[in-house]
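Sequence lines set the chain letters: A, B, ... in the order given, protein chains first and strands last, and positions in each chain run from 1. Predicted model only: the values in this text are computed from it and were never measured.
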Amino acid sequence: MVTVKLYASLRLNPEEKEFTSAAATVEEALEEAARRYGPAFKERLKHATVLVNGRHTAHLNRKKIRLQPGDTISLFPPLAGG
Amino acid sequence: MLGGYMGKVLDVNLSNGEMKAYALPERLLDLYVGNKGLGSRLLYELTPPGVDPLGSDNVLIITTAPLTGTGAPSSNRFNVTTKSPLTGAIVNSNCGGNFGVYLKKAGYDALIIRGKAARPSRLVIEEDRVEIMDAADLWGLDTHQAQEKLPAKTGKIVIGPAGENLVKYAAIVSGNRVAGRAGVGTVMGSKNLKAVTAAGNLKPQPAQEGLFKETCRKWRELSRSHPATGEQLPRFGTAAFVNICNATHTLPTRNFQSGQFEQAEAVSGETLAEKYLTGNEGCLGCPIACGRQVMLDGMKIKGPEYETVGLLGPNLAIGELEPIIEWNYLADLYGLDTISLGGVLGFVMEAGEKGLLKTDLAFGKTANITKAIEDIAYRRGFGDEMAEGTRFLAQKYGGMEFAMQSKGLELASYEPRGAVGHGLGYAVANRGGCHIAAGYCIYLEANGPITVDPLTVQGKPGLVILNQSTLEAISTLGCCIFTTYMMLPRKLLELNARSRFVSRMLRFGFQKGGNLIGRALALPAWTLPIKPPFISFPQAEAHAHCTGRRFTMGQMIELGKRALNMDRLYNVREGFSAKDDTLPARLTEELQRSEEPRSRVPLAQMLPRYYRMRGWSADGIPTEKTLRRLQIEQNNLL
């Protein structure tokens, strides 16, 4: 199982900050998240930053990133600050 | 006269009461514009080499920009420039308080404060009156009490007890906003100046009013519709960075011993918004309104920013927001820089653990921190030594390898062993360990939506130059640096997130092409007459319509380079060189993670290329050719 963590405006349900998933790839995990939280979430996923164990994945083929048990996927909207 | 300016500077000598108002030469304004750039040039011309930062010959300079007070979004900032008593280098500290707008309402673009008052004083600036008044009734008051006693409907700057007691990292406070870094409040305190107020009814006039208003309207729309400035910053504030920095190993934890904190979520912007937020508190005229108003013990007070949360939270292994909110509030009342404060406390905790000094402060323990902050502000007991900063403590007690500072300035809240370009920025920053002067490369390495490999040196010198030059220019135009986030348009962010091809191209372009970008930025301004089509640049357009002068993207980058080189030149005159562009050994020698052999900052590999691309000698000094290209003249312009 892997953990999918949600942050900032991607936490549509404030009570649910993360969920566990049996997804085998990052793409599968993202599809599962989209099904779970609906169209508003899917819309926000369009510009989300997807990290696997702290590493950015936008430049990688997410269908081919095989997940290992214990991996963490973190989903962030575009953040700003400093 | 150029549009946006009021046309004169106020020059006050507190030693003899002399006051002058005069016009700034047009060439000086053409080359250095306002805020940071103008402040740097004025300091260079107005202080003798080797000036004592706390002596009467040091000068405190407050500058505004043409956009200040015009209604341009997120652009009412003022800048404080002086020689830092903490570092011995130049310091520019930027603030979103209302003082800059009111200084222009009183008819002045800048304020130069020289000398030292014989007794506690305050300066009153009005359209037809400037007066140095006694401030015995204000001396000793905290920054809120002092501001409450000053007349309403004025722009204010004040210092608190920390500034009065010459704590080396004392701040200047304006409303609830703070010019925090490197002891600008200490210099104000050394001049016996408790407060300055400004008031009037004048208004800066943009040269091309119709075009200016239309640009500002589009700018506001862009800001509100962008996911970063329109949603994330207003909803979660700057502390939204806690979780992503934690995920990317860049959240300083236990005095930068690691980049991840097990209780990060508990001190995150999300938790702050969920449990404490009562409203937003933006700077004057800013549509972003990222500032936090929170409820604590029945009081509505200002909430902490990311830097404060990081350095008083994970950096001290504190996993609760409530004490951090309280310490942030106290630091504001006393007028203390929270970044340096967190750096000092983290160092003392680790030095205590290692037996280098005796302290009742310890990682993970909230006990005694409130008292330590008070002791620092009033220089009581060991607080008197903590008030001197981390470098002083390490020189006295040992532990320089884990004194988390550069040029004497405590590092901001980013662990650079998770983003090595950011580490290069910290080392070369003219102000010292400041994330803004460093160029904030981390946004292209770890916590932004478009990123390159954070641990490679490839392209990093060029990216640091790109970011530094942009931020220096934005600060000089008087805009908040958060306006740079919307320069990456929403569509581009979407394409980056959805299209592997686009993301790879951007990553390739920034990483492989980073140094090429750096070299291209060395070209003269005329080589970049128009902005690239895919980025938004309303700041430059608004500046052009405000002043009535053409202002291309090339000119903007050149302005940033000129401002940065001006700071460098000041530091060189004070004896700084490559020997000072350093980081603590912890960051360059020790691995952050044993399983990641690249998790340290290979500074020596990046520095020579950075210097070459900047047009500096191997000793980190701008060459004659570079100064000539940037029209940085040795003779005085004032």
Side-chain angles (χ1 to χ4, degrees), chain A residues 2-19 25-31 33-34 37 39-65 67-68 70-82, chain B residues 226-229 231-233 235-241 243-244 246-249 260 265 268-270 273-274 288 290 305-307 412 414 418 435-436 440 442-443 446-451 453-454 481-482 484-486 488 490 493-500 502-508:
Chain A
V2 299
T3 307
V4 181
K5 294 187 171 183
L6 312 162
Y7 295 101
S9 58
L10 289 169
R11 267 182 204 167
L12 292 189
N13 174 3
E15 300 302 309
E16 195 165 293
K17 294 170 183 165
E18 60 183 57
F19 66 91
T25 66
V26 176
E27 188 71 17
E28 280 178 33
L30 295 180
E31 283 166 6
Y37 300 111
F41 181 86
K42 202 171 175 184
E43 184 62 28
R44 282 162 199 253
L45 261 186
K46 277 186 189 171
H47 46 63
T49 299
V50 182
L51 306 182
V52 176
N53 300 329
R55 292 193 175 156
H56 285 255
T57 60
H59 59 292
L60 303 172
N61 186 344
R62 288 177 181 146
K63 286 180 187 158
K64 288 190 179 168
I65 306 177
L67 295 168
Q68 306 298 319
D71 279 353
T72 300
I73 301 174
S74 310
L75 305 181
F76 292 92
L79 296 173
Chain B
H226 194 278
T229 50
E231 183 174 17
Q232 305 307 322
L233 270 173
R235 277 187 68 187
F236 302 101
T238 54
F241 266 162
N243 277 325
I244 196 163
N246 191 52
T248 55
H249 300 274
Q260 280 190 325
E265 174 63 33
S268 65
E270 289 89 330
E274 191 188 329
I288 304 173
C290 61
E305 303 289 346
Y306 167 72
E307 304 295 333
Y414 306 94
H435 55 305
I436 312 289
Y440 211 63
I442 196 168
Y443 198 65
N447 58 15
I450 298 169
T451 60
D453 179 353
I481 61 152
F482 292 174
T484 54
Y485 289 118
M486 64 185 182
L488 295 172
R490 186 189 186 103
L493 300 184
E494 284 182 9
L495 281 172
N496 173 66
R498 297 170 78 181
S499 159
R500 186 158 50 99
V502 171
S503 175
R504 288 183 92 131
M505 289 301 287
L506 286 167
R507 192 177 169 96
F508 181 84

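- In this structure, chain A has a heavy atom under 4.5 Å from the backbone of B/Ala446, while its side chain stays farther away.
- In terms of heavy-atom pairs under 4.5 angstrom with chain B, the leader among A/Ala80, A/Gly54, A/Ser74 is A/Ala80.
- For chain A, the nearby part of B/Thr451 is the side chain; its heavy atoms alone come within less than 4.5 Å.
- Between chain B and the options A/Leu60, A/Thr57, A/Val50, heavy-atom pairs under 4.5 Å are most frequent for A/Leu60.
- Note that NE2 of A/His56 is 10.5 Å distant from CG of B/Asp453, once rounded to the nearest 0.5 Å.
- Interatomic distance, CG of A/Leu75 versus CD1 of B/Ile244, reported as 10.5 Å (0.5 Å rounding).
- The part of A/Lys17 that comes within reach of chain B is its side chain, from C-beta onward, which places non-hydrogen atoms under 4.5 angstrom from that chain.
- Between the B/Ser503 side chain and the A/His59 main chain, a donor and an acceptor come within less than 3.5 Å of each other.
- Counting heavy-atom pairs under 4.5 Å between each of B/Pro227, B/Gly269, B/Cys290 and chain A puts B/Pro227 at the top.
- Other residues, nucleotides and ligands contribute at most 12 non-hydrogen atoms within 6.0 Å of the CZ atom of A/Arg55.
- One finds a salt bridge joining B/Glu265 and A/Arg11 here, because a Lys/Arg side-chain nitrogen approaches an Asp/Glu carboxylate oxygen to under 4.0 Å.
- In this structure, B/Phe241 and A/Leu79 approach most closely via the heavy-atom pair CE2-CB, 3.7 Å.
- Proximity to chain A involves both the backbone and the side chain of B/Leu493, based on heavy atoms less than 4.5 angstrom apart.
- Side chain of B/Glu494 to backbone of A/His47: no donor-acceptor contact under 3.5 angstrom is found.
- With a 4.5 Å cut-off on non-hydrogen atoms, A/Ala8 touches chain B through its backbone and its side chain both.
- Here the straight-line distance linking atom CZ of A/Phe76 with atom CD of B/Gln232 works out to 11.0 Å at 0.5 Å rounding.
- If you measure heavy-atom distances from B/Phe508 to chain A, you find no contacts under 4.5 Å at all.
- Remark: side-chain polar atoms of A/Tyr7 are not paired, donor with acceptor, to backbone N or O of B/Ala240 under 3.5 angstrom.
- How far OG1 of A/Thr49 is from CD1 of B/Ile450: 9.0 Å, rounded to the nearest 0.5 Å.
- Ranked by non-hydrogen atom pairs under 4.5 Å with chain B, the options A/Leu51, A/Leu45, A/Asn61 are led by A/Asn61.
- In this structure, the portions of B/Arg500 lying under 4.5 Å from any heavy atom of chain A include both its backbone and its side chain.
- In this structure, CZ in A/Arg44 is found 4.5 Å from CD in B/Glu231, a value given to the nearest 0.5 Å.
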